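Data block below; observations after.
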There are 2 protein chains.
Amino acid sequence: MEKELELADNARAVCAKLNCAEGVSGIRDALYVLSGKWKFPLIFALSQGPMRFKDIQRSLGDITPKVLTKELRELELNEFVVRNVFPTSPVTVTYELMPYSLTLDKVLLELKDWGIQHRQRLVSNRRGN
Amino acid sequence: MEKELELADNARAVCAKLNCAEGVSGIRDALYVLSGKWKFPLIFALSQGPMRFKDIQRSLGDITPKVLTKELRELELNEFVVRNVFPTSPVTVTYELMPYSLTLDKVLLELKDWGIQHRQRLVSNRRGN
DNA sequence: GATACTGGTATCCTTTGGGATAGTAGTATC
DNA sequence: GATACTACTATCCCAAAGGATACCAGTATC
């Protein structure tokens, strides 16, 4: 007896044809370096220009300094961000995107637009009910 | 004495002008429903067509059934996915994207492409050193 | 009768993500 | 002299994420 549904069969076929596995692992590779609550917002905030620690903290809203430090270190390791120290007194520190981060601009743009639209949808749904 | 660097000042100005806060919260709103290791890969896999539970598990690689169930339930709640039960015996279950998921296609595409490029970069860096 | 497949549950456990709070040295400001 | 700002670090703690393993009924296959 044929238990398979044409639907699922079809999906498998299409998936194989489009190299679905490559797509899934592409996405997983991206998320591997960009996972968590803060990396995308952080890179987005810095995409407007270099910023100081406290300013970043303010633009992100409610991130604690410990977590911000950790996130910045990780982004440094992956060459998304540079830390600049200026010999003022007391020292001034800025964080700045490296060129590689710019390759993320489309992703960030799409994600931002989607998020804005999503919030609007939620609001109108709540009104609608 | 002026301790502010023009850099940081500039960033703040630009950020205010571009409504940086809106961008950051847009991204945070998006991540609120799409966070975690599996949501993006899962939606991407289903974007090829409806699939059965075990098939999804296989395409995602190493997700455990418990986690997959949880992720699918969450995506159902947020109207990204429908669960279809067919009265075969034993039952056949497929999961299918709802129209709202299609609004994510650009995000998924950009993320996938970035991930693939990122992996290639890592590979050539390793070779280069 | 043994094995395998489906669509899951149940239980346990570890890891991490991330928040709260406090504190630091060095300045500047009132 | 008290307070405030900067750029953090340190410590503690909790909840959630997610993995490992086992198991289930129902059916088909060998």
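Quick caveat, the model's predicted, so the values are computed rather than measured. Every chain is numbered from 1 and lettered A, B, ... according to where its sequence line falls, protein lines coming before strand lines.
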*Looking only at side-chain atoms of A:Phe53, point me to the closest of D:dC8, C:dG26, C:dG7.*
D:dC8
*Does B:Leu104 belong to the same Ile/Leu/Val/Met/Phe/Trp/Tyr cluster as B:Val33, with side-chain heavy atoms less than 4.5 Å apart forming each link?*
yes
_Secondary structure string for DNA chain D (Watson-Crick or G-U under 3.5 angstrom, | for other-strand pairs)_ = ||||||||||||||||||||||||||||||
_For B:Phe44, does the six-membered ring have the charged nitrogen or CZ of A:Arg28 within the cation-pi criterion, i.e. under 6.0 angstrom from the centroid and within 45° of the normal?_
no
*What's the OH-P distance between A:Tyr32 and C:dG17, to the nearest Å?*
10 Å
*Between B:His118 and A:Phe80, how do the two ring planes meet: parallel, tilted or perpendicular, split at 30° and 60°?*
parallel
*Sugar-phosphate atoms are those with a prime plus P, OP1 and OP2; base atoms are the rest. Using that split, label each nucleotide of nucleotides 10-25 of chain D B, S or - for protein heavy atoms under 4.0 Å, 5' to 3'.*
-BB-----BBB-----
_Please report the distance, rounded to the nearest Å, between CG in A:Leu34 and C1' in C:dG17._
16 Å
_Does D:dA7 have OP1 or OP2 under 4.0 Å away from a side-chain N or O of A:Arg73?_
no
_Given C:dG7, D:dA7, D:dC8, the nucleotide with the shortest approach to the side chain of B:Lys54_ = C:dG7
*asked:* Tell me the interatomic distance from B:Met51, atom CE, to C:dG7, atom P, rounded to whole angstroms.
replied: 12 Å
*State, to 0.1 Å, how close A:Val85 and A:Arg83 come at their nearest heavy-atom pair, and which atoms those are.*
CG2-NH2, 3.7 Å
*asked:* With rounding to the nearest 0.5 angstrom, report the CG to CD distance, B:Leu97 to B:Glu79.
replied: 13.5 Å
*A:Leu68 has an atom CG; how far is it from atom P of D:dC8, in whole Å?*
9 Å
*Side chain to side chain, B:Asn84 and B:Tyr95, heavy atoms closer than 4.5 Å*: no
_Distance in Å, A:Lys112 NZ paired with A:Gln117 CD, rounded so as to fall on 0.5 Å steps_ = 13.0 Å
*Around A:Tyr32, counting heavy atoms of other residues, nucleotides and ligands shown, do more than 12 lie under 6.0 Å from its OH?*
no
*Mind checking whether A:Leu42 and B:Val24 have side chains closer than 4.5 Å, heavy atoms only?*
no
*Rounded to whole angstrom units, what separation is found between the CZ atom of B:Arg58 and the C1' atom of C:dA4?*
12 Å
_Looking at D:dA7, I'd like to know if its phosphate oxygens (OP1 or OP2) sit under 4.0 Å from a side-chain N or O belonging to A:Thr69._
no
*Is there a side-chain polar atom (N or O) of B:Arg52 under 4.0 Å from OP1 or OP2 of C:dT6?*
no
*To the nearest Å, how far apart are A:Leu72 CG and C:dG18 P?*
13 Å
*Within this structure, what is the CG-to-P distance between B:Leu60 and C:dG7, rounded to whole angstrom?*
14 Å
*Could you state the atom-to-atom distance from CG of A:Asn84 to P of D:dC8 in whole Å?*
11 Å
